[in-house]
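Quick note on labels: first sequence line is chain A, next is B, and so on, each numbered from 1.
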2 protein chains.
Amino acid sequence: MPTAERRTTGRPPRISRAEIVGTARRIVAEQGVGKLTMRGLAREIGSTPMALYHHVRDKEELLLLLLDDIAASAPRPDPLPADPRERLVTVATAMHDLLAGCPWIVEVLTADDLMAEAALWYSEHIVDAAVAAGLGLEEAVDAYRTVWYYTAGQIITTATSARRRAQDERPTYRDRVFAGIDPAAYPRLASVGARWTELTARDTYAEGLRALVRGLLPEG
Amino acid sequence: MPTAERRTTGRPPRISRAEIVGTARRIVAEQGVGKLTMRGLAREIGSTPMALYHHVRDKEELLLLLLDDIAASAPRPDPLPADPRERLVTVATAMHDLLAGCPWIVEVLTADDLMAEAALWYSEHIVDAAVAAGLGLEEAVDAYRTVWYYTAGQIITTATSARRRAQDERPTYRDRVFAGIDPAAYPRLASVGARWTELTARDTYAEGLRALVRGLLPEG
DNA sequence: ACCTGAACACCGTTCAAGT
DNA sequence: ACCTGAACACCGTTCAAGT
C-alpha cells in the first residue's frame with residue numbers, strides 16, 4: 001500500500017486521503033450527501049477537483065472510504081447480551097442507529113450489504129447470534145440478509161419521508177391520494193383515513209425487528 | 001382537471017401527457033431510469049425539453065405518473081387465498097414482483113410508501129389480511145409497514161447488486177474485504193468465506209417473507 | 001509524484017419570446 | 001395555449017501540460 005510507505009522521490013503531497021475523507025465527512029454531516037461534489041470538496045480543501053483524483057479513484061471510492069471511516073468511529077454495544085435473540089436485536093439496533101445518522105450510506109452502498117471492513121462487526125454478530133439460537137450457518141446468513149433488508153428498507157423509507165416533510169410545504173402526493181380514496185374499493189385504507197400519516201410517522205423499527213426475530217429464530 | 005376538458009381556444013397541443021409517459025416508460029424499460037433525462041425524452045418525442053414542462057411540473061411528477069401507469073397495468077392475483085396469512089404472502093409477493101421489474105421505483109419513491117393511486121390495492125389487501133388474522137387496525141398498518149420495509153430493502157439491495165455484477169468486471173469491494181477477513185476477529189464470516197457471494201446471490205424473498213408473517217401475525 | 005487549467009459531455013430548469 | 005432557443009448554474013471526469 002503506497003500511502004503507508006515513506007516517499008523518497010517526487011513532489012511532496014499538499015493534500016492527503018485523510019484530509020479528503022475528513023472534509024467530505026464534514027460536508028456530508030453539515031449539508032447532506034447531495035451537496036458532496038468533487039468540485040465543492042476541492043474548493044473546501046483549497047485545491048482543485050483534479051487533485052482529488054490523485055488520491056481517490058473516483059467519487060464512489062470516496063464514498064466507500066467515508067463509510068469505513070464512519071463505521072470505524074461508531075460506538076459498539078459492549079458487553080453483548082448472552083441470550084442469542086437479545087444479542088441479535090441489540091446488534092441490529094446498533095446497526096440501525098448507525099445508519100439512521102447517515103441514511104445516504106444505504107442508498108449508495110446497498111449492493112455491498114454494508115460490507116465495508118469496519119462494518120463487518122455487525123454482520124459477524126448477527127450471524128453468530130443466529131447460529132447460537134440454533135440455525136445452521138447458511139440459514140444464519142439468510143437470517144442476516146432478512147434483517148438487513150428490513151433495516152435498509154426502514155432507513156431509506158423514513159429518511160426520504162423526513163427529508164420531504166422538512167423541505168416541502170405543499171401536501172405530499174400521498175396525502176392527495178389518501179384524500180380521494182374510494183371507501184367501496186379500499187375499505188381498510190378509507191377507515192384508516194387521515195390517521196395514516198400520523199401512524200406511519202412513528203418509529204416502529206424495534207417492534208418490527210422483534211417480530212422478525214420471532215419468525216426467524218426457533219423457539220428458545 | 002384541465003386535461004379532461006375540451007379545449008376551445010388556443011393552439012392545439014402537439015404532444016400529450018400520455019405520449020410523454022408512454023415514451024418515458026419505454027426508455028426506462030429499455031435503458032433504465034438512469035438514462036431517462038428530460039432532454040433525451042424530448043429528443044425521442046421529437047420536441048424540446050421545455051415543451052415537456054408544459055405538460056408535467058417537473059421530473060419528479062413525471063416519475064410519479066410513470067409509477068401510476070406501471071402499477072395500473074400490472075397483473076393482480078385473482079382470486080386471493082381465503083386464509084389471511086396466505087393472502088398476505090400472495091399480495092406481498094405480487095407487490096415484490098411488480099417492483100422487481102422496476103427497482104428504480106423504490107429508489108425514487110420510498111417516501112410515499114408506494115402510495116400512487118394504482119398501488120393502493122396492495123396496501124389495502126395487506127392491511128386487510130392482517131386484520132383478518134386478528135390484528136387491530138393500527139397494528140395491521142404497522143405490519144404493512146414492516147412488510148414494506150422488508151420488500152423495499154430486498155428490491156433495492158438485489159437491484160444494485162445485479163447492476164454491478166452485470167457491468168463491472170473487477171472484483172467488488174465486498175470480495176476484497178472478504179478475502180482479507182481475520183478469522184480470529186470474525187470467525188463466523190471467515191467460516192462462510194467465499195461462499196458468501198454465492199449464498200447472497202440466491203433469491204430468498206419468499207422465505208424471509210414467511211418468517212416475517214410468522215412473527216407478525218398471531219398463531220392461526 | 002503531485003498538482004493545475006481548460007475542456008468534454010452532460011444535467012434540470014428558468015426566462016423571454018414567438019405563433 | 002402551446003412551443004421554442006438560448007442561457008444559467010451546475011455535474012463527474014479526462015487530457016495535456018506544468019513544477
| remark: Applying side-chain hydrogen bond (donor to acceptor under 3.5 Å, both in side chains) to Thr146(A) and not counting sequence neighbours gives none
| So which of residues 18-29 of chain B are in contact with DNA chain D, with a heavy-atom cut-off of under 4.0 Å? | none
| message | Apply side-chain hydrogen bond (donor to acceptor under 3.5 Å, both in side chains) to residues Thr151(A) and Tyr205(A) and explain how you reach the verdict. | response | CA-CA 8 Å; Thr151(A) 305; Tyr205(A) 179 79; 2.8 Å; yes
| task | Please confirm whether the backbone N or O of Arg145(B) pairs with a side-chain atom of Asp142(B), one donor and one acceptor, at under 3.5 Å? | result | no
| field | Members of residues 32-46 of chain B that approach DNA chain C, where some heavy atom sits under 4.0 Å away | value | Leu36(B), Thr37(B), Met38(B), Arg39(B)
| remark: Here the helical stems involving DNA chain C, each at least 3 consecutive Watson-Crick or G-U pairs closer than 3.5 Å, sorted by first residue number, are C:4-8 with D:12-16, C:12-16 with D:4-8
Tabulate atom names and distances for all N/O pairs under 3.5 angstrom spanning the protein and nucleotides 17-19 of chain C.
unit_1, atom_1, unit_2, atom_2, d
dG18(C), N2, Arg11(B), NH1, 2.7
dT19(C), O2, Arg11(B), NH1, 3.3

| Would Leu99(B) and Gln154(B) satisfy side-chain contact (heavy atoms from CB on, under 4.5 Å), going step by step from the backbone distance to the final call? | CA-CA 10 Å; Leu99(B) 293 168; Gln154(B) 201 275 347; over 6 Å; no
| Minimum-distance nucleotide to Tyr53(B) side chain [options: dC3(C), dG5(D), dG12(C)] | dG12(C)
| message | Heavy atoms from C-beta onward define the side chain here; which of dC3(C), dT4(C), dT13(C) lies closest to that of Lys59(B)? | response | dT13(C)
| remark: Taken to the nearest whole Å, CD1/Ile15(B) to P/dA1(D) is 16 Å
| Least distance between heavy atoms, Glu124(B) atom then Leu189(A) atom | OE1-N, 2.9 Å
Considering only distance and modelled atom types, tabulate donor-acceptor pairs under 3.5 Å from the side chains of residues 36-46 of chain A, sequence neighbours left out.
unit_1, atom_1, unit_2, atom_2, d
Thr37(A), OG1, Gly40(A), N, 2.9
Glu44(A), OE2, Arg26(A), NH2, 2.6

| query | Distance-only, no hydrogens or angles: does the Asp97(A) side chain make a donor-acceptor pair with backbone N or O of Ala100(A) under 3.5 Å? | reply | no
| query | Leu63(B) and Trp104(B): side-chain contact (heavy atoms from CB on, under 4.5 Å), yes or no, with the steps? | reply | CA-CA 10 Å; Leu63(B) 289 169; Trp104(B) 57 269; 3.8 Å; yes
| note | Scanning both residues in full, the closest heavy-atom pair of Ala71(A) with Ala119(A) reads CB-N, 4.2 Å
| said: Please report the distance, rounded to the nearest Å, between CZ in Arg14(A) and C1' in dT4(C). | reply: 9 Å
| field | Candidates dG5(C), dC3(C), dA6(D) - which lies nearest the side chain of His54(A) | value | dC3(C)
| task | For the residue pair Arg25(B) and Ser73(B), confirm or rule out a side-chain donor-acceptor distance under 3.5 Å. | result | yes
| Charged N to carboxylate O below 4.0 Å: is that the case for Glu138(A) and Arg195(B)? | yes
| note | d(Thr90(A) OG1, Leu209(A) CG) to nearest 0.5 Å is 9.5 Å
| said: Can you identify which nucleotide, out of dC15(D), dC3(C), dC3(D), has its nearest atom closest to the Met50(A) side chain? | reply: dC15(D)
| Arg57(B) CZ to dT13(C) C1', straight-line distance once rounded to whole Å | 14 Å
| query | Is the phosphate of dG5(D), meaning OP1 or OP2, less than 4.0 Å from a side-chain N or O of Thr48(B)? | reply | no
| query | Quick one: His55(A) NE2 to dC2(C) C1', roughly how many Å, whole number? | reply | 7 Å
| Centroid-to-centroid, Tyr122(A) to Tyr144(A), below 6.0 Å? | no
| message | Side chains of Met95(B) and Val91(B), heavy atoms from C-beta outward: is any pair under 4.5 Å? | response | no
| query | If the P atom of dA9(D) is compared with that of dC10(C), how far apart are they to the nearest Å? | reply | 22 Å
